[in-house]
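Below is one structure, written out as structure tokens; the observations come after it.
When a ligand or atom number is given, it counts from 1 through the structure's own listing order. The analysis underlying the following values was restricted to heavy atoms, covering all of them including side chains, and did not include hydrogens, waters or symmetry mates.
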Amino acid sequence: MDIQHLSSPAQPVVAVRGLTKAYDDRTVVDHLDLTVHDGEVLGLIGANGAGKTTTVEILQGLRRQDSGEVRVLGLDPVRDADRVRQHVGSQLQSSGLPDRLRVAEAVDLFSGRRAIDGDLLLERFGLAQRRRSPFAGLSGGERQRLFLVLALVNRPRLVILDELTQGLDPAARREVWSAISQLHADGTTVLLVTHELDEAQALCDRVVAMRDGRVLDHGTPAELVARHAGHATVRFTLPHQDVAATAESLQQLNRLPGASNVAHSNDQVTVRGTRSVIAHVGAWLVASQRPIPPDLHVDIPDLEAALLTLLDQPTDQNLTGAAS
Ligand code: ATP
């Protein structure tokens with residue numbers, strides 16, 4: 001049966017309700033609700049041991065839940081394991097390929113009945129020149145891109161990636177990011193487990209933050225930043241001027257849209273407020289027709305700040321279990 005009949009684009013690709021899993025009586029996934037929509041890149045982020053990997057292993061049929069309902073493309077990952085495997089691409093672990101296996105051989109080995117032309121995929125992910133290289137001769141970034149090729153070769157509807165860029169240097173991470181952006185542009189649904197919050201911010205349409213097997217919050221990266229990351233801060237030295245002029249400058253800064261607090265000490269001004277205050281302080285500096293202060297410094301709230309705030313919340317506050 002074609003997968004189109006199993007899950008239409010309007011239906012979620014992943015639908016999890018009340019998922020619970022314990023190891024040795026310790027609950028590590030606790031009544032989790034999770035929805036992954038068609039064509040989105042969803043990031044699972046959170047503390048170590050939050051249950052992220054356990055959750056994606058259950059989605060792949062590698063583990064069985066204790067209770068709760070799990071549907072991947074409308075299928076039960078354990079009962080319909082073969083069909084789920086046909087339509088879900090998963091990333092291998094580094095130990096997953098023999099050292100001497102060549103890149104093109106690995107692609108042939110993984111290609112099923114519905115496979116895409118492997119050479120085209122290798123070309124697309126910048127591995128065409130490495131077709132004859134043994135796996136052991138690939139750099140970290142090349143290995144990860146090969147894992148992506150192998151996860152994609154059978155035209156999956158859903159790709160599950162668990163810490164894909166862990167341990168890569170910045171250039172290799174960017175290569176892998178760009179490969180994931182290509183997948184997104186093609187409409188492939190991606191579920192990404194990551195500790196790299198700049199990665200989640202750059203790649204994910206939505207993120208789900210987890211702790212102790214439950215959902216702390218979910219939304220677009222921008223929504224989580226707005227809800228939890230606190231203030232933007234702009235700091236600079238105010239050019240020396242007389243007391244009245246300084247007081248006037250501080251009053252103007254206080255009146256800027258988005259400013260919530262202006263502090264002044266030893267000629268240093270700190271303006272706190274919403275993200276938009278950054279633009280307004282910049283405009284104010286330009287309009288003042290004085291040289292832009294060389295020590296101008298901006299702290300922009302990001303997903304890392306948001307997650308740290310969320311993880312700091314006392315246990316049981318705001319834990320919903322749900323991320324739909
Ligand atoms: P990390 O970010 O550190 O990879 P995670 O969010 O992916 O963590 P899991 O790997 O799902 O979390 O682990 C959740 C909890 O379950 C952890 O406390 C882990 O030690 C425990 N755990 C995982 N696998 C097993 C297992 N096979 N047997 C017993 N406990 C396990």
Side-chain angles (χ1 to χ4, degrees), residues 14-36 41-70 72 77-78 81 84 88-96 140 143-144 147 151 158-168 173 176-177 180 190-204 206-219 221 224 228 302-313 315-323:
V14 173
V16 168
R17 293 289 168 265
L19 175 65
T20 298
K21 172 78 182 171
Y23 295 115
D24 307 324
D25 291 337
R26 192 164 63 89
T27 300
V28 299
V29 180
D30 191 3
H31 295 91
L32 182 82
D33 292 349
L34 180 73
T35 305
V36 185
V41 178
L42 182 97
L44 275 189
I45 62 173
N48 283 129
K52 305 179 295 295
T53 296
T54 301
T55 300
V56 296
E57 286 177 349
I58 290 170
L59 296 180
Q60 293 167 83
L62 302 173
R63 293 187 189 280
R64 185 54 142 159
Q65 70 268 33
D66 297 331
S67 60
E69 197 186 4
V70 177
V72 176
V78 173
V84 168
V88 176
S90 305
Q91 160 203 353
L92 290 176
Q93 298 305 314
S94 275
S95 55
R143 287 178 186 206
Q144 297 299 52
F147 291 153
L158 169 68
V159 181
I160 298 180
L161 306 170
D162 195 344
E163 300 193 27
L164 185 66
T165 61
Q166 193 181 30
L168 297 186
R173 285 176 76 217
V176 174
W177 286 15
I180 295 172
V190 180
L191 178 52
L192 184 72
V193 176
T194 185
H195 283 293
E196 312 287 341
L197 298 174
D198 53 346
E199 176 168 300
Q201 194 149 2
L203 296 176
C204 296
R206 287 193 305 132
V207 286
V208 174
M210 289 179 65
R211 184 184 64 193
D212 300 333
R214 308 196 68 189
V215 174
L216 290 164
D217 199 3
H218 63 98
L224 291 202
H228 306 289
D302 60 9
L303 196 55
E304 180 165 332
L307 183 64
L308 287 172
T309 308
L310 274 166
L311 293 178
D312 257 0
Q313 287 180 355
T315 308
D316 277 347
Q317 184 185 323
N318 223 9
L319 295 186
T320 63

What protein heavy atom sits nearest [atom], and how far off is it?
atom: atom 12 (O) of ligand 1; value: Gly51 N, 3.1 Å
atom: atom 23 (C) of ligand 1; value: Tyr23 CE1, 3.4 Å
atom: atom 14 (C) of ligand 1; value: Gly49 O, 3.5 Å
atom: atom 11 (O) of ligand 1; value: Thr54 OG1, 2.5 Å
atom: atom 3 (O) of ligand 1; value: Asn48 ND2, 2.8 Å
atom: atom 6 (O) of ligand 1; value: Lys52 NZ, 2.8 Å
atom: atom 10 (O) of ligand 1; value: Thr53 CB, 3.6 Å

Any nitrogen or oxygen of [X] lying under 3.5 Å from a nitrogen or oxygen in ligand 1? Just yes or no.
X: Val28; result: no
X: Asp24; result: no
X: Arg26; result: yes

Task: Results of side chain to side chain contact (heavy atoms under 4.5 Å, CB included) for Gln65 - residues two or more places apart only - done: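 By the side chain to side chain contact (heavy atoms under 4.5 Å, CB included) rule, Gln65 matches Leu19, Ile58, Val70.
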Open item on the list: Under 4.0 Å, heavy-atom basis, I'd like to know which part of Gln166 is in contact with ligand 1: side chain, backbone, both or neither.
Closed with: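 The answer is neither.
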- [ ] Mark up the atoms of ligand 1 that fall under 4.0 Å of a heavy atom belonging to Glu163, in ascending order.
- [x]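 Here the atoms of ligand 1 in question are 4 (O).
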TODO: Enumerate the atoms of ligand 1 whose separation from the nearest heavy atom of His195 is less than 4.0 angstrom.
DONE: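 Going through ligand 1 atom by atom, the ones under 4.0 Å from His195 are 1 (P), 2 (O).
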Is a side-chain N or O of [X] found less than 3.5 angstrom from the main chain of [Y], in a donor-acceptor match?
X: Arg214; Y: Ala50; answer: no
X: Gln60; Y: Val56; answer: yes
X: Thr20; Y: His31; answer: yes
X: Thr27; Y: Val29; answer: no

- [ ] In plain terms, say whether Asp30 and Lys21 are close enough for a salt bridge, that is, a side-chain N and a carboxylate O under 4.0 Å apart.
- [x]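 A salt bridge is absent here (no side-chain N lies under 4.0 Å from a carboxylate O).
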Open item on the list: With salt bridge (Lys or Arg N to Asp or Glu O under 4.0 Å) as the rule and sequence neighbours excluded, what pairs involving residues 43-58 come up?
Closed with: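 Qualifying pairs: Glu57-Arg63.
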TODO: Please round to the nearest 0.5 Å and tell me the distance separating atom CZ of Phe147 and atom CG of Leu161.
DONE: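 Answer for the CZ-CG pair, Phe147 versus Leu161, is 11.5 Å.
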Task: Rounded distance (nearest 0.5 Å) linking atom CG of Leu44 with atom CD of Glu163 - done: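 Separation between the atoms: 11.0 Å.
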